[in-house]
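Because the structure is a prediction, the values reported are computed rather than measured. Atoms within each ligand, like the ligands themselves, are counted from 1 in listed order.
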Amino acid sequence: MTLSIYNTLTRRQEPFTPVEDGKVKMYYCGVTVYDYCHLGHARACIVWDIVRRYLQFIGYDVRYIQNFTDVDDKILNRARSENSTMEAVSERFIKAYFEDMARLGIKEADEYPRATHTMNGIKRLIHDLEQKGFAYPADGDVYYAVRNFAEYGKLSGRKLEDLQAGASERVNVEDAEYKKKKDPFDFALWKAAKPSEPAWESPWGKGRPGWHIECSAMVRDRLGDTIDIHAGGADLIFPHHENEIAQSEAVTGKPLANYWLHNGMVKVDGEKMSKSLGNFTTIRDLLDRGVDPMALRLFVLMAQYRKPIDFTDEAILAATNGWHTIKEGLLFGYQHGKQLGWENLEINNAKLDKTEVEKFTTAVNDDFNFPGGLAVIFELAKELRKEGNIIVHQGKTETPADELLKQWQTLLTLADVLGLTAKIEEEKPATDGISDAEIEDLIQQRKEARKAKNFAESDRIRDQLKAQGIELIDSKEGTRWHRS
Ligand SMILES: Nc1ncnc2c1ncn2[C@@H]1O[C@H](COP(=O)(O)OP(=O)(O)OP(=O)(O)O)[C@@H](O)[C@H]1O
Ligand SMILES: [Zn+2]
């Protein structure tokens, strides 16, 4: 089975055929840099990271671009509240973005364009839209005339008439922007400079771009008129992506993207985790609490990428347990390879288990069914873990050594496609003489804390043990431990 993916534009799952054979052009709407990234951003970044890795795994040459929105009211507000500048706030959170994503093992994009670095492209696009009759200036602003684009609404399935009926009571007719627009659904391509705000020269006067136009301009500048995959969170379908289509396609007359892909939201108590709502946990908070970055990756992978997921301590705990299983499988070769007489641990693609690789690709080719791919990985890891236990207890294996090498290398390869990697720690933290009985005692205390849903305490105990070189492995049967 070849790759087929759900396309938000057509509302169907379709075979994937890129514009150019063997090549994929992909764009992902990245973050607005006014705060630390939260777990919603982690999900989006992990999902598109894995989509990119998978496309490469099945042989595509992928060009992957991700933007930073570094001009925005929210950034300006933060700068004001900190007595700082928009530039300084953006720089700080772009730096934080790279730190967080490196911890999560996200591969860097080929380029990270920023709105402030794309001003010429943005102005060119607005100019072209004006020439073609899709944009009009109004008192230093420039607006997009949605009524002039016949296909407006095709991505989200919303009709202007319905939108207007629904919004009529909510529109504030006293609003300054509203008064300048010919139609309430027209949106700003360029905003006139307000006093003391950063502004750029333009044919329409000093000002700054609207949010939607930057993505259209960056796609056009970096990737061309039509790309293969345009990705982002489902919250961006309307209006952001709808507006991107309206802007780009009105100018080029060609599809902006052939496949529109959207990741589901990370939710908290049924609501979108969001910076604006303040119900978020940042990536760094979670990792600093001792959650393994690979467990967070697994938390994301365990759900179909389009479905919403709830962020709970239980879900993170389940993912952590899952990660321990996979990690044991991944470390198998480093721990037992020598004893099994393996001379070369380097992966030999020709010697992978074709049946397992095929099971994996068959699953993932079905609309990026990562949970399906993960099932293959779990099976391999459990098998190796079992063999590892037999080696430890009986000094021998049930399966021939070369067969185990094949299984292990297949596991390593497939896990790497999903960004799951484990390394043997070279410098082992010194244990400060904690006895087995003391460890068992702390594990018992942790069990009680978890029973009482006191996860902060249970995390504290686990972290304390970890600092003393003791790894805990939770499973249905209870908690096991080993000195690392
Ligand atoms: N809770 C979430 N779950 C999944 N993806 C998300 C979530 N929140 C944001 N994203 C995605 O992350 C990317 C960057 O988001 P962006 O910086 O625009 O967040 P935001 O919408 O400004 O912030 P917020 O919604 O948190 O106030 C987008 O592709 C967006 O769809
Ligand atoms: Zn965008």
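Scored by the salt bridge (Lys or Arg N to Asp or Glu O under 4.0 Å) test, K254 finds D225 as partners (sequence neighbours excluded).
Within the 4.0 Å heavy-atom criterion, both parts of M273, backbone and side chain, lie near ligand 1. By the criterion of a heavy-atom distance under 4.0 Å, neither the backbone nor the side chain of K267 is placed next to ligand 1. Counting heavy atoms closer than 4.0 Å to ligand 1, residue Y34 contributes side-chain atoms (C-beta onward) but none from N, CA, C or O.
The shortest contact between atom 20 (P) of ligand 1 and any protein heavy atom is with K275 CE, 3.9 Å. Of all protein heavy atoms, the one lying nearest to atom 30 (C) of ligand 1 is D235 OD1, 3.6 Å. With respect to atom 18 (O) of ligand 1, the closest heavy atom belonging to the protein is T32 OG1, 3.6 Å. Remark: minimum distance from atom 22 (O) of ligand 1 to any protein heavy atom is reached at K74 NZ, 3.4 Å.
When each atom of ligand 1 is checked for a heavy atom of L236 under 4.0 Å away, the hits are 28 (C), 29 (O), 31 (O). Within the listing of ligand 1, atoms 4 (C) sit less than 4.0 angstrom from a heavy atom of G264. Residue C29 approaches ligand 1 through these ligand atoms, each under 4.0 Å from one of its heavy atoms: 13 (C), 28 (C), 29 (O). Near Y28, meaning under 4.0 Å from any of its heavy atoms, are these atoms of ligand 1: 12 (O), 13 (C), 29 (O).
The shortest N/O to N/O separation between G30 and ligand 1 does not fall below 3.5 Å. Here's the thing with G232: none of its N/O atoms is less than 3.5 angstrom from an N/O atom of ligand 1. Backbone and side-chain nitrogen or oxygen atoms of G233 are examined, and one is located within less than 3.5 angstrom of a nitrogen or oxygen of ligand 1. Annotation: S276 places an N or O atom under 3.5 Å from an N or O atom of ligand 1; distance criterion only. Some N or O of G40 is nearer than 3.5 Å to an N or O of ligand 1, by distance alone. Polar contact check, A234 against ligand 1: no nitrogen or oxygen pair lies under 3.5 Å apart. For ligand 1, the polar-atom distance check against N263 finds a nitrogen or oxygen pair separated by under 3.5 Å.
With respect to the salt-bridge test (charged N to carboxylate O, under 4.0 angstrom), the residues D100 and R284 qualify. Salt-bridge annotation for R78 and D73: absent, with no side-chain N of the basic residue lying under 4.0 Å from a carboxylate O of the acidic one.
A cation-pi arrangement is present between K182 and Y136 under the rule of less than 6.0 angstrom and at most 45 degrees off the ring axis. Geometric assessment of R306 against the ring of Y6 yields a positive cation-pi assignment under the 6.0 Å and 45° thresholds.
Nearby protein atoms of type N, O or S around the Zn ion (ligand 2) amount to 4 (distance under 2.8 Å).
Ring centroids of F370 and F360 are separated by 6.0 Å or more, keeping the two rings apart. Ring centroid separation for the pair Y143 and F134 does not come in under the 6.0 Å cut-off. Two rings, from Y60 and F16, have their centers less than 6.0 Å apart. Between Y34 and F93, a ring centre-to-centre spacing not shorter than 6.0 Å is recorded. Aromatic rings from H212 and F187 are positioned such that their centres are separated by under 6.0 Å.
With contacts defined as side-chain heavy-atom distances shorter than 4.5 Å, the pair R450/D474 qualifies.
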Checklist entry - Would K154 and E249 satisfy salt bridge (Lys or Arg N to Asp or Glu O under 4.0 Å), going step by step from the backbone distance to the final call? => result CA-CA 12 Å; K154 70 176 174 181; E249 298 189 4; 2.7 Å; yes
Next on the checklist: I'd like to know whether L256 forms a side-chain contact (heavy atoms from CB on, under 4.5 Å) with E244, so could you lay out the CA-CA distance, the side-chain angles of the two residues, the decisive distance to 0.1 Å, and finally the verdict.
Outcome noted: CA-CA 8 Å; L256 169 58; E244 272 188 50; 3.9 Å; yes
Checklist entry - After noting the C-alpha distance and the side-chain angles of K132 and D128, does the key distance pass the salt bridge (Lys or Arg N to Asp or Glu O under 4.0 Å) rule? => result CA-CA 6 Å; K132 294 197 173 208; D128 291 356; over 6 Å; no
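Counting only distance, with no hydrogens or angles, the side chain of R208 and the backbone of V71 share no donor-acceptor pair below 3.5 Å.
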